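First comes the structure, then the notes that go with it.
Letters A, B, ... are given to chains in the order of the sequence lines, protein chains preceding strands, and every chain is numbered from 1. Quick caveat: nothing in here was measured; it's all calculated off a predicted structure.
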Number of protein chains: 2
Amino acid sequence: MVTRRPTRDDVAREAGTSSAVVSYVINHGPRPVSEQTRRKVLDAIRRTGYVPNNIAKSLANGTSDTYALLVTDLANPFLAQMTKALEHKLFSLGKTLLVGDSSDDPSRQMELLESFQRQQVSGLVWYGVDQPLPMDALETYPGTVVMLNQPEGQELSPSAGRRVRLGLDESEEARMATAHLIGHGYQKLAIIAGPRERLNSRERIRGWKRAIRESGLEPGQEIFVPYTCQGGYEAAELVDDQVEAVFASNELQAMGFLAGMAQRDKKVPDDVALAAMNGTDQSAYLIPSLTAVQLSEDEIADKIAKVLLKPDGAYQDTGDDGDDKPGGYETSVAPTNRSDAPVRTGLGTIPAAPQLVIGRSCGCSQNEV
Amino acid sequence: MVTRRPTRDDVAREAGTSSAVVSYVINHGPRPVSEQTRRKVLDAIRRTGYVPNNIAKSLANGTSDTYALLVTDLANPFLAQMTKALEHKLFSLGKTLLVGDSSDDPSRQMELLESFQRQQVSGLVWYGVDQPLPMDALETYPGTVVMLNQPEGQELSPSAGRRVRLGLDESEEARMATAHLIGHGYQKLAIIAGPRERLNSRERIRGWKRAIRESGLEPGQEIFVPYTCQGGYEAAELVDDQVEAVFASNELQAMGFLAGMAQRDKKVPDDVALAAMNGTDQSAYLIPSLTAVQLSEDEIADKIAKVLLKPDGAYQDTGDDGDDKPGGYETSVAPTNRSDAPVRTGLGTIPAAPQLVIGRSCGCSQNEV
DNA sequence: CTGAAAGCGCTTACAG
DNA sequence: CTGAAAGCGCTTACAG
């Protein structure tokens with residue numbers, strides 16, 4: 001009785017066949033196996049309690065079935081939801097998920113990137129620190145890369161990553177939320193942004209400004225605080241008295257802002273209205289419930305998985321939408337015959353379909369939830 | 001110019017040495033390398049852009065440096081924090097983390113368990129669905145196992161998992177929070193428990209009851225709802241009018257309960273006081289701020305890592321505490337000489353040091369935050 | 001201090 | 001339909 005875990009050879013011996021056959025049975029191919037032998041093998045597997053060694057399999061195949069998710073903060077509800085959704089999706093496909101939390105530290109992010117590379121992940125989903133975006137690293141990264149955020153001015157060279165994809169449009173989400181506030185008639189608008197030096201702070205400011213300009217108004221106060229509850233709480237102290245409505249760059253900030261306002265006996269939305277982006281299921285349970293642009297994490301996870309697993313990394317929306325946005329993706333690619341060589345640049349956008357979920361924080365429906 | 005990723009052999013060729021030497025350099029052993037050769041190798045690594053293949057390394061070593069975390073809900077703030085803390089800790093040790101979200105589904109949990117086993121994880125951290133606890137699976141699981149929760153009546157057979165550890169004492173956390181409420185003078189106490197059939201719901205009920213009995217009071221209403229915001233929200237409808245104080249089994253429930261009370265124009269703590277367990281950084285930003293028993297995720301992660309990485313899986317607290325609880329762990333083990341064979345059962349408890357963090361929801365300090 | 005070679009547990013042409 | 005054997009990229013005794 002050996003104490004070490006049984007290998008494929010043990011199973012083969014037990015079944016009285018070769019180990020190749022065991023492989024064929026386990027993998028349903030690539031060679032056929034007679035029903036009788038198959039049964040013997042299956043039986044031997046059960047008797048030995050054999051569990052395949054995926055490490056060895058990966059080495060032999062030259063490709064692993066694990067993927068990596070690298071985000072800035074696993075404790076951020078939106079990213080936590082995203083992680084959960086992606087884990088579920090990958091699990092349903094028999095894949096496994098490695099996670100990394102960069103905590104907004106660029107060097108940590110780089111180390112994580114390399115660590116995943118050493119682990120031979122087949123693909124990477126990235127929500128990044130953006131100080132100097134490690135574009136070169138991402139462009140040359142082995143395997144498919146899906147970038148969830150990608151600030152303006154940090155475009156990928158189309159030549160480079162033939163497997164790189166772009167993702168969410170954060171400025172558009174900011175615009176949507178802000179436009180809704182403006183629809184209420186508020187004129188003096190402030191933004192709770194992230195740290196001043198971060199590019200994705202500016203990205204959201206950009207969307208906020210766009211909404212304001214489109215309505216002929218003037219942008220108001222910009223408050224730079226961390227993307228945390230504490231940041232939002234501080235923003236409540238910093239916000240000018242004449243501000244009528246505030247856009248928060250994420251749910252944690254909104255949460256902290258609400259707490260800060262309550263602490264100062266200010267009413268939301270009566271004294272100041274509030275809307276945010278990247279809301280989650282929790283938004284409905286804040287006090288007052290939070291109006292926020294939300295993304296469907298499950299939907300995004302589905303789309304990510306589609307890109308990640310497609311062998312050539314090409315993204316194609318199988319949905320029915322096609323012209324919801326001007327100047328769409330894939331437009332520059334002529335309809336070449338599919339049977340051709342994969343001469344695509346591979347760049348593409350995953351449309352994310354942000355949706356405004358109404359709560360009471362903006363001043364809508366004072367009556368019901 | 002080859003397009004495939006460079007291997008150790010490529011580096012060796014480039015450096016004009018054998019591949020063994022490259023290994024020695026990379027791994028700082030196990031054989032010494034002359035400074036000169038070392039430099040040549042390092043140079044070759046840089047020139048080729050070589051990144052070691054950890055998959056191959058794992059296969060050769062027979063042990064991987066990835067660990068798995070399996071929880072019931074990654075979107076639960078406490079578990080999200082736990083995930084983050086563990087990721088950080090493992091990263092600092094050069095290890096990598098696989099995550100699984102069972103979503104309280106026992107069969108999903110089992111599949112995840114096997115999937116991790118196929119990935120050859122060196123250890124598993126488990127916060128589990130507990131319907132029928134898969135004790136056998138956990139006891140025979142290859143590698144070290146750390147169980148974060150472990151309901152009463154589901155003890156491990158001491159003979160079995162010589163590498164299995166027990167974790168948090170959830171009933172004690174429930175007791176602490178409830179005892180604090182009682183200290184305020186509340187007499188009619190309700191509990192927002194998890195789903196009726198789950199063992200860890202009962203675990204928390206047990207602690208809640210203990211606190212009540214210890215004060216000579218009678219347990220009051222038990223409300224069974226999911227461990228979610230929605231669950232807590234529903235609890236606000238279900239709670240009896242005469243209840244003076246409520247203990248919530250987790251932060252999400254507390255959050256939902258607060259929203260539900262606000263919706264019904266009931267004041268917390270004036271109409272009903274509230275305290276919870278497994279609070280997080282978010283607790284301070286609820287309205288009113290939540291009094292909750294909290295665990296230090298970082299501290300727990302440190303301890304977990306200690307167990308996970310210790311070769312023989314033995315747990316030893318290096319801290320200065322030793323007799324904070326009666327009938328401690330490791331007591332049955334006579335002080336055998338360390339140089340002996342590892343004849344230990346391996347069972348042990350990681351003390352988690354729950355701490356009560358005071359907010360305003362319980363009725364303390366109505367003045368300040 | 002350095003190198004040739006076997007072995008980790010799989011997969012998969014290739015030959016029966 | 002089945003099996004012997006090479007190969008995936010490492011590690012590490014074992015000889016020099």
Side-chain angles (χ1 to χ4, degrees), chain A residues 2-42 44-45 48-66 94 117-122 142, chain B residues 2-42 44-45 48-66 94 117-122 142:
Chain A
V2 216
T3 153
R4 71 161 218 288
R5 291 149 82 168
T7 72
R8 183 212 50 184
D9 277 325
D10 297 322
V11 175
R13 203 170 308 122
E14 182 78 16
T17 68
S18 76
S19 48
V21 173
V22 178
S23 269
Y24 302 154
V25 170
I26 289 176
N27 301 326
H28 306 288
R31 302 278 152 261
V33 176
S34 75
E35 183 53 28
Q36 192 191 16
T37 326
R38 210 179 77 85
R39 230 179 284 266
K40 279 196 297 186
V41 169
L42 257 17
I45 289 178
T48 54
Y50 172 70
V51 175
N53 181 332
N54 246 292
I55 292 291
K57 178 176 180 172
S58 294
L59 181 58
N61 279 335
T63 162
S64 84
D65 46 10
T66 109
Q117 191 175 342
R118 276 198 300 270
Q119 295 306 316
Q120 312 295 112
V121 298
S122 290
Chain B
V2 217
T3 154
R4 71 162 218 289
R5 291 148 84 169
T7 71
R8 182 213 49 184
D9 276 325
D10 297 321
V11 174
R13 202 171 308 120
E14 182 78 17
T17 67
S18 76
S19 49
V21 173
V22 178
S23 269
Y24 302 154
V25 170
I26 290 177
N27 300 328
H28 307 288
R31 302 278 151 260
V33 176
S34 75
E35 183 53 28
Q36 191 192 16
T37 327
R38 210 179 77 87
R39 228 180 283 266
K40 279 196 295 184
V41 170
L42 256 19
I45 289 178
T48 54
Y50 171 69
V51 175
N53 181 332
N54 246 293
I55 291 292
K57 178 175 181 172
S58 294
L59 182 59
N61 280 335
T63 162
S64 83
D65 46 11
T66 108
Q117 190 175 341
R118 276 197 301 269
Q119 295 308 315
Q120 311 294 115
V121 298
S122 290

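Shortest non-hydrogen contact noted between A:Thr37 and A:Val33 is CB-CG1, 3.7 Å.
We find that CZ of B:Arg118 is positioned 12 Å from P of C:dT11, with the value rounded to whole Å. We find that CG of A:Asn27 is positioned 7 Å from P of C:dT12, with the value rounded to whole Å. Regarding A:Asp10, its CG atom lies at a distance of 10 Å from the C1' atom of C:dG9, rounded to whole Å. Rounded to an integer number of Å, the gap from CD of B:Gln36 to P of C:dT2 is 8 Å. In this structure, the NE2 atom of A:His28 is 12 Å from the P atom of C:dT11, given to the nearest Å.
Side-chain atoms of B:Arg8 and B:Ser23, non-hydrogen and from C-beta on, do get closer than 4.5 Å to each other. Under the 4.5 Å side-chain criterion, counting only non-hydrogen atoms from C-beta, A:Gln120 is not in contact with A:Ser58. Considering only heavy atoms from C-beta on, A:Asn53 stays 4.5 Å or farther from A:Thr7 through its side chain. By the 4.5 Å heavy-atom criterion applied to side chains, A:Thr17 and A:Val41 are counted as neighbours. Side-chain atoms of B:Pro52 and B:Lys57, non-hydrogen and from C-beta on, never get closer than 4.5 Å to each other.
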Could you write out each protein N or O paired with an N or O of nucleotides 3-5 of chain C at a distance under 3.5 Å?
residue : atom : partner : partner atom : Å
C:dG3   : OP2  : B:Ser18 : N            : 3.0
C:dG3   : OP2  : B:Ser18 : OG           : 3.4
C:dG3   : O6   : B:Tyr24 : OH           : 3.2

Strand DNA chain C as a dot-bracket string - pairs counted if Watson-Crick or G-U with both distances under 3.5 Å, | where the partner lies in another strand: |||.||||||||.|||
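Atoms CD1 and CG, from B:Ile45 and B:Asp10 in turn, are 12.0 Å apart once rounded to the nearest 0.5 Å. In this structure, the separation between CG on B:Asp9 and OH on B:Tyr50 is 9.0 Å, given to the nearest 0.5 Å. With values rounded to the nearest 0.5 angstrom, A:Leu59 atom CG is found 11.5 Å from B:Asn54 atom CG.
Side chain of A:Thr66 to backbone of A:Val121: no donor-acceptor contact under 3.5 angstrom is found.
Among the nucleotides D:dT11, C:dC10, C:dT12, the one closest to any side-chain atom of A:Thr7 is C:dC10.
Using atom P as the reference point in both C:dC14 and C:dC10, the two lie 24 Å apart (nearest Å).
Within a heavy-atom distance below 4.0 Å of DNA chain C, the residues of residues 51-63 of chain B found are B:Leu59, B:Ala60.
Here A:Asp9 lies out of heavy-atom contact (under 4.0 Å) with every strand.
When the shell of 6.0 Å around CD of B:Gln36 is examined, it contains 12 or fewer heavy atoms from other residues, nucleotides or ligands.
Regarding contacts with the backbone of C:dT11, a side-chain N or O of A:Ser23 is found under 4.0 angstrom from either OP1 or OP2.
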